[in-house]
*Asks:* 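Structure incoming, see below.
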Amino acid sequence: MAASLSSRLVKGIASLQAARSSRLASASVCQNGVMRYSSTVPSDSETHDDFKPTQKIPSGSTDSLKDIVENDVKDNPVMIYMKGVPESPQCGFSSLAVRVLQHYNVPISSRNILEDQELKNAVKSFSHWPTFPQIFIKGEFIGGSDIILNMHKEGELEKKLKDVSGNQKSQ
């Protein structure tokens, strides 16, 4: 009886969630009450401002975005394209990458790829890497948070950051 009651409770909660989110995503109930949602984002005018880009790099051609990325990478010893900013990462992978880099007390330059889809695509095209964060050190594409963490554990990251201004390894 308890199993029957809990099953009805789960199905009831699932139907409430589907009704509440019908404006945000289309849902369909699959076997055993498992919900599946589409990944489309509504384009209606009632979308909350928190989910709209707040800043955009000045619009222009893809070449200008490529130039921005090239200049970022060339002009900044440690450049990270991430979800959020170092002071407030918006995903666990970005947070991990920032924490590892901060361990070396190096200046970190960054761009929030959540603010501009065109920039995000330009960075992917520049690095030929599909995921974020993307870390560049002294103009060289290094990779993401997993690679940075592995380099840190192996002692390679310390060597790579050795002559970056402000590098004072914290204890």
Side-chain angles (χ1 to χ4, degrees), residues 17 21 24-25 30 34-43 47-171:
Q17 289 173 336
S21 61
L24 301 177
C30 296
V34 175
M35 300 298 295
R36 301 234 172 156
Y37 294 92
S38 73
S39 60
T40 59
V41 177
S43 60
T47 299
H48 194 276
D49 288 342
D50 287 349
F51 300 104
K52 294 179 183 175
T54 56
Q55 293 178 334
K56 253 190 150 172
I57 292 183
S59 59
S61 70
T62 305
D63 291 337
S64 66
L65 286 173
K66 181 182 175 205
D67 292 342
I68 288 170
V69 174
E70 284 177 358
N71 289 333
D72 282 350
V73 169
K74 181 181 70 170
D75 296 342
N76 298 290
V78 178
M79 183 69 199
I80 181 171
Y81 292 93
M82 61 183 287
K83 294 177 180 177
V85 294
E87 299 78 24
S88 182
Q90 298 294 306
C91 84
F93 297 113
S94 293
S95 178
L96 173 62
V98 168
R99 284 193 323 254
V100 170
L101 291 168
Q102 286 176 337
H103 178 76
Y104 296 94
N105 293 324
V106 293
I108 301 170
S109 300
S110 70
R111 285 204 191 257
N112 182 355
I113 53 102
L114 295 175
E115 293 180 343
D116 190 341
Q117 183 66 38
E118 292 171 15
L119 172 66
K120 181 179 179 180
N121 292 334
V123 174
K124 285 182 182 183
S125 176
F126 180 81
S127 65
H128 306 289
W129 193 261
T131 60
F132 290 89
Q134 292 191 15
I135 299 119
F136 296 82
I137 298 176
K138 295 186 245 172
E140 177 186 354
F141 175 62
I142 302 300
S145 59
D146 55 340
I147 294 170
I148 287 291
L149 181 59
N150 189 47
M151 289 176 70
H152 168 68
K153 288 178 180 176
E154 300 295 324
E156 298 171 34
L157 189 56
E158 184 173 17
K159 293 174 190 168
K160 188 68 128 168
L161 294 170
K162 184 178 179 184
D163 60 347
V164 173
S165 175
N167 186 5
Q168 306 287 320
K169 186 177 174 187
S170 62
Q171 301 299 323

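As the structure is a prediction and not an experimental result, all values here were calculated from the model.
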*Asks:* What heavy-atom pair brings Leu114 and Lys83 nearest, and what distance separates the two atoms?
*Replies:*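 For Leu114 and Lys83, the tightest heavy-atom pair comes out as CD1-CB, 3.8 Å.
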*Asks:* In sequence, state the C-alpha distance, the side-chain angles, and the governing distance for Lys124 and Phe132, and then conclude on side chain to side chain contact (heavy atoms under 4.5 Å, CB included).
*Replies:* CA-CA 9 Å; Lys124 285 182 182 183; Phe132 290 89; 3.6 Å; yes
*Asks:* What distance separates Phe93 CZ from Ile148 CD1, expressed to the nearest 0.5 Å?
*Replies:*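 Phe93 CZ to Ile148 CD1: 14.5 Å, rounded to 0.5 Å.
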*Asks:* Can you tell me how the ring of Phe136 sits relative to the ring of Phe126, calling it parallel under 30°, perpendicular over 60° and tilted otherwise?
*Replies:*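 Because their plane-to-plane angle lies in the 30° to 60° range, the rings of Phe136 and Phe126 count as tilted.
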*Asks:* Find the distance between CG (Asn112) and CG (Leu119) and round it off to the nearest 0.5 Å.
*Replies:*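 Rounded to the nearest 0.5 Å, the CG-CG separation comes to 9.0 Å.
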*Asks:* To the nearest 0.5 Å, tell me how far Leu161 CG sits from Asn105 CG.
*Replies:*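 Leu161 atom CG to Asn105 atom CG measures 11.0 Å (nearest 0.5 Å).
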*Asks:* Between CE of Met151 and NZ of Lys160, what distance do you get to the nearest 0.5 Å?
*Replies:*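 It is 6.0 Å, given to the nearest 0.5 Å.
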*Asks:* Which pair of non-hydrogen atoms, one from Gly84 and one from Gln90, has the smallest distance, and what is that distance?
*Replies:*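 Taking Gly84 first and Gln90 second, the nearest heavy atoms are CA-CG, 3.5 Å.
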*Asks:* Between Lys138 and Asp163, is there a side-chain N and carboxylate O pair less than 4.0 Å apart?
*Replies:*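 Yes.
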*Asks:* Check each of Val98, Leu96, Thr131 against Ser145 using the side chain to side chain contact (heavy atoms under 4.5 Å, CB included) test, and report the only one that passes.
*Replies:*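 Testing each of Val98, Leu96, Thr131 against Ser145, the sole residue satisfying side chain to side chain contact (heavy atoms under 4.5 Å, CB included) is Leu96.
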*Asks:* State, with a plain yes or no, whether a side-chain heavy atom of Met82 is found less than 4.5 Å away from one of Pro89.
*Replies:*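 Touching, per the 4.5 Å side-chain cut-off.
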*Asks:* Using side chain to side chain contact (heavy atoms under 4.5 Å, CB included), reason through Arg111 and Val123 one step at a time and then give a plain yes or no.
*Replies:* CA-CA 10 Å; Arg111 285 204 191 257; Val123 174; over 6 Å; no
*Asks:* Please report the C-alpha distance between Val164 and Tyr104 in whole Å, then the side-chain angles of each, then the deciding distance to 0.1 Å, and finally whether the side chain to side chain contact (heavy atoms under 4.5 Å, CB included) criterion is met.
*Replies:* CA-CA 10 Å; Val164 173; Tyr104 296 94; over 6 Å; no
*Asks:* Which pair of non-hydrogen atoms, one from Met79 and one from Asp72, has the smallest distance, and what is that distance?
*Replies:*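 That would be CE-OD2, 3.6 Å.
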*Asks:* Rounded to the nearest 0.5 Å, what's the gap from CD1 on Ile137 to CD1 on Ile142? Could you check?
*Replies:*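 The CD1 atom of Ile137 sits 4.5 Å away from the CD1 atom of Ile142.
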*Asks:* Between Glu118 (side chain only) and Leu65 (backbone N and O only), is there a donor and an acceptor less than 3.5 Å apart?
*Replies:*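 Checked: no pair found.
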*Asks:* Given the side-chain rings of His128 and Phe141, with only the six-membered ring counted for Trp, is the space between their centroids under 6.0 Å?
*Replies:*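 No; Phe141 has its ring centre 6.0 Å or more from that of His128.
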*Asks:* So, the side chain of Asn71 versus the backbone of Asp67: is there a donor-acceptor pair under 3.5 Å, distance only?
*Replies:*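 Yes, because the side chain of Asn71 sits within donor-acceptor range (under 3.5 Å) of the backbone of Asp67.
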*Asks:* Can you tell me how far apart CD1 (Ile135) and OG (Ser110) are? Round to the nearest 0.5 Å.
*Replies:*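 Result: 11.5 Å between the selected atoms.
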*Asks:* Check Pro77 against Asp75 and note the closest heavy-atom contact, atom names and distance.
*Replies:*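 Closest approach of Pro77 to Asp75, heavy atoms only: CD-O, 3.9 Å.
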*Asks:* Of all the heavy-atom pairs spanning Pro107 and Val78, show the shortest one and how long it is.
*Replies:*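 Between these two residues, the closest heavy atoms are O-CB, 3.5 Å.
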*Asks:* Which residue in the set Asn76, Ile80, Val73 passes side chain to side chain contact (heavy atoms under 4.5 Å, CB included) when paired with Ser109?
*Replies:*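 Going through Asn76, Ile80, Val73 one by one, the side chain to side chain contact (heavy atoms under 4.5 Å, CB included) with Ser109 is satisfied by Asn76 alone.
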*Asks:* Which atom names give the shortest non-hydrogen contact between Gln102 and Pro86, and what distance separates them?
*Replies:*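 Between these two residues, the closest heavy atoms are NE2-O, 4.4 Å.
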